[in-house]
Novice: 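Sharing a structure below in structure tokens format, with a few things to ask.
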Number of protein chains: 2
Amino acid sequence: MYEKARIGIDPVIFTIHENKLKVLLRKREKEPFKKKYELFGGLIEKNENAKSALKRKLKEVLDTNKFFFKQFHTFTNPKRDPRMRTISIGYVALIEKSNVKNFNDWFDINKISQTTNHPLQTKLAFDHENIIRKATIFLKENLDFFAKHLLPDKFPLNMLQSIYEIILEEKFDNRNFRKQMINSFVKETEEYEKKVSHRPAKLYLFNG
Amino acid sequence: MYEKARIGIDPVIFTIHENKLKVLLRKREKEPFKKKYELFGGLIEKNENAKSALKRKLKEVLDTNKFFFKQFHTFTNPKRDPRMRTISIGYVALIEKSNVKNFNDWFDINKISQTTNHPLQTKLAFDHENIIRKATIFLKENLDFFAKHLLPDKFPLNMLQSIYEIILEEKFDNRNFRKQMINSFVKETEEYEKKVSHRPAKLYLFNG
DNA sequence: GCAAAAGTGTTACGGCTACACCCATGG
DNA sequence: CCATGGGTGTAGCCGTAACACTTTTGC
């Protein structure tokens, strides 16, 4: 016989800060998983679809409407929440760092997943470590489409390169990287960086 | 306040038959959407995850365990089922045609989506036309990984090429196609096609 | 004038595209 | 011997990779 379930949404919220890929987490104050870290999830309400629930939750958590998100996988293990059957729709969410109010609760992705080797002693609540792992893979696979949401409208090409290098954990040749981006995704503006104590960079825009 | 929902799984089951990409559908016998066609969906039961529910359902519908499937999107519109709130996890499922028992209920994908231009008069129940459309896009985008599940273990290269051509609706140069596949996905065997009234093709296998 | 980061051009290589004819088998 | 589909090689082009020095600004 079928069983009804609560429908959760779990956004894995990423930003780039201090040259690290970071995820927003909070510490649980109640059981289960008291004092473990978790994603800022929520539940879908009556007459609401997942997208609206997600927007509502992100607005509440981030205190802005300036974010991007995309669904990547739905998690349905019947024991994933020990209290009550709850499935969760996983989203990747991206916010540009100048829209972030404070960086207290943001964690370096590489500091989180280093616990992966200790399956019995995970730092994270529920299946959230798994959700974050899958979200990170999804982010890497789709970086060409997602990178713009981690940048201001106008940005120096080297900032774009550094986002690729941080997320893909790989260095790129500066000349080749510029050529590729100009050929496919970005175009130059007439503006320049300001107030930097070195040669100011030309600013670029994403096409389309 | 949150609302519990039924959790459905909706596999879009594809095969290649008579040089067409076909989807398995059934005609509804009851309201709502009586006499419209629908996917062979199901509901997740107690203590069951989506993957098990899907396997159970596919086994029942296809009368075999020889199929492949992959989750691609979850549909959550609160009005998608007029009877009761039901979200649905969409899967692409693939079956090789020699494992199909009969082809009565299989529909050419291009005959289904030609109704897309008439939004007020869809042939399909619920949001299943939308689910099929998204599944088809997902199949196209991932064909390099999925093609093997539409073929027998050992197959002629030209059969692989025809699968690419049917699904992507695009012709490929035979020499170039062979070189690419041999370089990346397949290797030859020592076996040949049998009982064909022309030069028998060498059979190939997927790597790994 | 020094520190810091921006910006730029060329060559070599490899992969991709375009293209047309011969081969093996059954009937 | 004919019909049917299987199978093959090469040359040109294009994109990618490798590589190091000059420029602009603030201080």
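Throughout, a chain's letter reflects where its sequence line sits, starting with A, and its residues are numbered from 1.
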Novice: Strictly below 4.0 Å, N to O, side chains only: are B:Asp81 and B:Arg6 in salt-bridge contact?
Specialist: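 Yes.
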Novice: Only one of A:Glu193, A:Glu188, A:Glu190 clears salt bridge (Lys or Arg N to Asp or Glu O under 4.0 Å) with A:Lys202; which?
Specialist: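 Testing A:Lys202 for a salt bridge (Lys or Arg N to Asp or Glu O under 4.0 Å) against A:Glu193, A:Glu188, A:Glu190 leaves exactly one candidate, A:Glu188.
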Novice: Which value, rounded to the nearest 0.5 Å, describes the distance between B:Ile89 atom CD1 and A:Thr76 atom OG1?
Specialist: 5.5 Å
Novice: Which nucleotide span of DNA chain C, 5' end to 3' end, has atoms closer than 4.0 Å to non-hydrogen atoms of chain B?
Specialist: C:dT17 to C:dG26
Novice: Would you check if the distance from the ring center of B:Phe146 to the ring center of B:Phe14 is below 6.0 Å?
Specialist: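 Ring centres of B:Phe14 and B:Phe146 not closer than 6.0 Å.
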Novice: Which distance, rounded to the nearest 0.5 Å, do you find between the OG1 of A:Thr136 and the CD1 of A:Ile131?
Specialist: 11.5 Å
Novice: Between A:His73 and A:Phe75, how do the two ring planes meet: parallel, tilted or perpendicular, split at 30° and 60°?
Specialist: perpendicular
Novice: Between B:Lys34 and B:Glu29, is there a salt bridge with N-O shorter than 4.0 Å?
Specialist: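 Answer for the salt bridge query: no.
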Novice: What parts of residues 149-166 of chain A reach DNA chain C, counting only heavy atoms under 4.0 Å away?
Specialist: A:Asn158
Novice: Roughly how many Å is it from NE2 in B:His198 to P in D:dT4, rounded to a whole number?
Specialist: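 From B:His198 NE2 to D:dT4 P: 11 Å.
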Novice: Reading 5' to 3' and counting Watson-Crick or G-U wobble pairs with both distances under 3.5 Å, write the dot-bracket notation for DNA chain C, | for bases paired outside the strand.
Specialist: |||||||||||||||||||||||||||
Novice: By nearest heavy atom, map B:Ser197 and A:Arg199 onto DNA chain D; which one lands nearer the 5' end?
Specialist: B:Ser197
Novice: List in numerical order all residues of residues 201-208 of chain A for which some heavy atom is under 4.0 Å away from an atom belonging to DNA chain C.
Specialist: A:Ala201, A:Lys202
Novice: Using a strict threshold of under 4.0 Å (side-chain N to carboxylate O), is an ion pair present between B:Glu169 and B:Lys140?
Specialist: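 A salt bridge links B:Lys140 with B:Glu169.
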Novice: Looking at B:Arg80 and B:Asp10, is there a salt bridge between them, counting it only when a charged N and a carboxylate O are closer than 4.0 Å?
Specialist: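 Answer for the salt bridge query: yes.
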Novice: May I ask you to establish whether B:Arg28 and B:Tyr37 are in a cation-pi arrangement, using a distance under 6.0 Å from NZ or CZ to the six-membered ring centre and at most 45° from the ring axis?
Specialist: no
Novice: Would you compute the distance between atom CD of A:Gln161 and atom CG of A:Asn176 and round it to the nearest 0.5 angstrom?
Specialist: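 Spacing of CD (A:Gln161) from CG (A:Asn176) equals 9.5 Å.
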Novice: Looking at DNA chain C, which of residues 171-196 of chain A put a heavy atom within less than 4.0 Å of it?
Specialist: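 Output list: A:Asn174, A:Arg175, A:Arg178, A:Lys179.
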Novice: For the aromatic rings, using the six-membered ring if either is Trp, is the centroid distance between B:Phe206 and B:Phe155 under 6.0 Å?
Specialist: yes
Novice: List, one per line, each side-chain donor-acceptor pair under 3.5 Å for residues 17-27 of chain A, sequence neighbours excluded.
Specialist:
from, atom 1, to, atom 2, distance (Å)
A:Glu18, OE1, A:Lys22, NZ, 3.2
A:Arg26, NE, A:Glu38, OE2, 2.9

Novice: Should the ring pair A:Phe172 and A:Tyr164 be called parallel, tilted or perpendicular, given that the plane angle runs from 0 to 90° and is split at 30 and 60?
Specialist: perpendicular
Novice: Determine whether the aromatic ring centres of A:Phe126 and A:Phe33 lie less than 6.0 Å apart.
Specialist: yes
